[in-house]
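In what follows, a structure is listed as structure tokens, so that the remarks can point back to it.
Both ligands and their constituent atoms are indexed starting at 1 by order of listing. Just so we're clear, the structure is a prediction, and the values are computed from it rather than from any experiment.
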Amino acid sequence: MTTIGVVALQGAVSEHIAMLTALGVSVREIRTPDRLDGVDAVVLPGGESTAMARAAAKVGLFDELSVRAGAGLPVFGTCAGLILLAERVQDGETLEGFATVGGLDITARRNAFGGQLASFTEDLAVAGLDGPAFPAVFIRAPQVVEVGPEVEVLARTGVDGPVVAVRQGHLLATSFHPELTADPRLHRYFVRMVEGLSARRAA
Ligand code: GLN
């Protein structure tokens with residue numbers, strides 16, 4: 001059975017666990033590097049990237065996750081999780097001196113839609129998802145302001161607006177919080193992506 005670890009230091013942890021469990025995968029909370037042994041993929045939830053990076057630094061979690069993600073472990077980052085996966089962060093001064101995960105060839109701009117009051121929901125067309133537009137919840141969300149050549153843009157806000165969902169091979173990231181909706185399609189997309197990648201490794 002596919003086992004997905006959810007980094008459980010801070011933020012929207014239980015919502016990711018509930019959604020993944022409903023999709024039939026085995027879920028494990030990750031607070032220390034040793035818990036990464038044997039997981040097929042990892043989710044980095046939304047919350048506060050600085051708080052997460054500080055908590056992770058105490059146990060060396062992101063150094064280890066960074067090595068594993070660099071070696072092909074699939075990771076899905078949502079909101080703060082996208083920031084932690086980004087190779088470059090704007091307005092990231094409070095992250096300086098703390099390890100993040102990295103690997104995703106994007107520049108993320110933190111709080112790019114404004115503060116807490118600028119939180120909003122928008123129905124988005126997301127490449128790779130069938131059916132109606134996806135109800136995306138944005139909370140002090142980052143924007144992806146640059147993408148490298150290997151990065152596929154999956155969604156933008158508005159008409160040709162800022163990039164808010166990307167994939168680079170085994171790394172998936174959204175500026176918004178798919179775990180705060182009742183719509184499991186992005187989590188299902190990730191589970192299928194993970195299962196597809198492990199089938200390819202096994203072949
Ligand atoms: N603004 C937050 C940060 O910089 C992210 C917000 C969120 O995850 N909802 O980490």
Side-chain angles (χ1 to χ4, degrees), residues 4-20 29-31 41-59 61-63 65-66 69 75-124 126 134-147 154-158 161-167 171-184 186-187 189-190:
I4 297 190
V6 177
V7 171
L9 299 172
Q10 191 266 338
V13 174
S14 57
E15 293 87 348
H16 274 295
I17 293 176
M19 201 154 247
L20 291 166
E29 294 187 23
I30 310 276
R31 295 192 183 80
V42 167
V43 169
L44 268 172
E48 175 51 51
S49 49
T50 306
M52 260 187 261
R54 282 170 195 228
K58 292 191 183 135
V59 290
L61 178 59
F62 288 169
D63 292 308
L65 182 54
S66 175
V75 182
F76 181 14
T78 61
C79 201
L82 174 146
I83 295 166
L84 293 167
L85 277 177
E87 277 290 315
R88 295 166 298 281
V89 178
Q90 292 179 356
D91 291 318
E93 293 77 13
T94 52
L95 285 167
E96 277 166 23
F98 295 93
T100 63
V101 179
L104 186 57
D105 187 12
I106 61 168
T107 303
R109 183 181 297 155
R110 286 177 79 195
N111 302 322
F113 291 100
Q116 191 73 27
L117 292 177
S119 298
F120 61 99
T121 302
E122 184 175 320
D123 291 337
L124 298 181
V126 179
F134 191 89
V137 177
F138 292 85
I139 304 170
R140 288 178 295 112
Q143 289 173 5
V144 178
V145 293
E146 282 170 356
V147 297
L154 300 181
R156 296 172 177 269
T157 55
V163 172
V164 291
V166 292
R167 176 173 173 183
L171 304 175
L172 177 69
T174 61
S175 297
F176 52 90
H177 287 265
E179 77 287 4
L180 298 183
T181 65
D183 192 328
L186 262 169
H187 287 77
Y189 176 98
F190 182 59

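For a threshold of 3.5 Å applied to N or O pairs, the pair formed by C79 and ligand 1 contains no separation below that value. For G47, a nitrogen or oxygen atom sits less than 3.5 Å from a nitrogen or oxygen atom of ligand 1, counting backbone and side chain alike. The distance criterion of under 3.5 Å between nitrogen or oxygen atoms is met by H177 with respect to ligand 1. Ligand 1 has no N or O atom lying under 3.5 Å from any N or O atom of I83, backbone or side chain.
Of all atoms in ligand 1, listed by their number and element, those nearer than 4.0 Å to a heavy atom of G46 are 8 (O). Of all atoms in ligand 1, numbered sequentially from 1 with element shown, those under 4.0 Å from a heavy atom of S49 are 3 (C), 4 (O), 10 (O).
For the side-chain contact (heavy atoms from CB on, under 4.5 Å) test with V7, the passing option among V43, V75, L61 is L61; the others fail.
Taking the charged nitrogens against the carboxylate oxygens, R110 and E48 do have a contact shorter than 4.0 Å, which makes a salt bridge.
Classified by interplanar angle (parallel below 30°, tilted 30° to 60°, perpendicular above 60°), the ring pair F120/F138 is parallel.
The backbone N or O of G46 sits less than 3.5 Å from a side-chain atom of T78, completing a donor-acceptor pair. In this structure, the side chain of E87 does not engage the main chain of I106 through any donor-acceptor pair within 3.5 Å. Under a 3.5 Å cut-off, the side chain of R167 and the backbone N or O of L172 do not form any donor-acceptor pair.
For atom 1 (N) of ligand 1, the closest heavy atom belonging to the protein is N111 OD1, 2.6 Å.
Using a 4.0 Å cut-off between heavy atoms, R110 contacts ligand 1 through its side chain alone, with no backbone atom that close.
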